[in-house]
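Note sheet for the following structure.
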Amino acid sequence: MQSVVPLPTDRNILSGAIINGVINAVINGAIQFLLLRNHAPLPLSVDGITNETQTVLGGAVPLAVSLAMILTAVAYLTVKAPKHPFWPTVCWLIVKHGLFAFGAVVSGAIIWQRVVGSVDVSLITATIVLSVIAGAVAGIINYMTIQASLLKRNGGL
C-alpha cells in the first residue's frame, strides 16, 4: 500500500524557511568574510551606476540572484508532498525568483544610496549586511517556492 505524504502546514513551511534563512546567512556570511578579508574598509554603495569600485550592495546583487535561482530548484527537490511538475512550473519560478531578487536588492541599494549616500564600512559590517541579505533571500525564496510547488487538495496553484 502506498503511503500519502500530507501537505505541510503554513506554519511548518514558515519555520522551515526561517531555519533555511538562518543557515544560509551563516554560511554565506562566512564565505563573504573570507572573500572580502583583504578589501576592508569597503564602500556600502557609491554614487554612480557605472564605477570600478567593489561595493557591498553591488556584491549583494549577484549573491541574491544566484541564491534565489539555485535555492528555488533545491527547495522544490526537497518537497515530499504532492507537487507540480518541474517543467514548466518550477522553471518559471526559477526565472521569476531571480528577477524578484534582482529587483529587490537593486531597488534597496538605490534607495539606500539616495537617502544615506556613500558610506565606508568595516569588514564585519559588510559581512553582516551580506549575511542578512543572503538569509532574507534564502528564507523568502524557500517559503515562496514550497507554497507555489505544492499541489493543493483542489489541484490548483
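None of these values were measured; they are calculated from a predicted model.
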For residues [X] and [Y], determine if any side-chain heavy atom of one lies less than 4.5 Å from a side-chain heavy atom of the other.
X    : Y    : answer
M144 : H97  : yes
I110 : Q113 : no
L63  : L130 : yes

Legend entry - Positive for side-chain contact (heavy atoms from CB on, under 4.5 Å) with L42, one of L36, V119, L57: L36

Inset, instruction - Please name the pair of heavy atoms, one in T145 and one in A75, separated by the smallest distance, quoted to 0.1 Å. - result: CG2-CB, 3.7 Å

Legend entry - Which atom of F102 lies closest to which atom of V61, heavy atoms considered: CD1-CG1, 3.6 Å

Any donor-acceptor N/O pair, [X] side chain to [Y] backbone, under 3.5 Å:
X    : Y    : result
S107 : A104 : no
N28  : N24  : yes
S15  : N12  : yes
T89  : F86  : no

Legend entry - Residues H84 and S149: side-chain donor-acceptor under 3.5 angstrom: no

Inset, instruction - State whether the number of non-hydrogen atoms from other residues, nucleotides or ligands found under 6.0 Å of F100 atom CZ is greater than 12. - result: no

Legend entry - Qualifying side chain to side chain donor-acceptor pair (under 3.5 Å) pairs with a residue from residues 114-141, counting only residues at least two apart or across chains: S122-T125

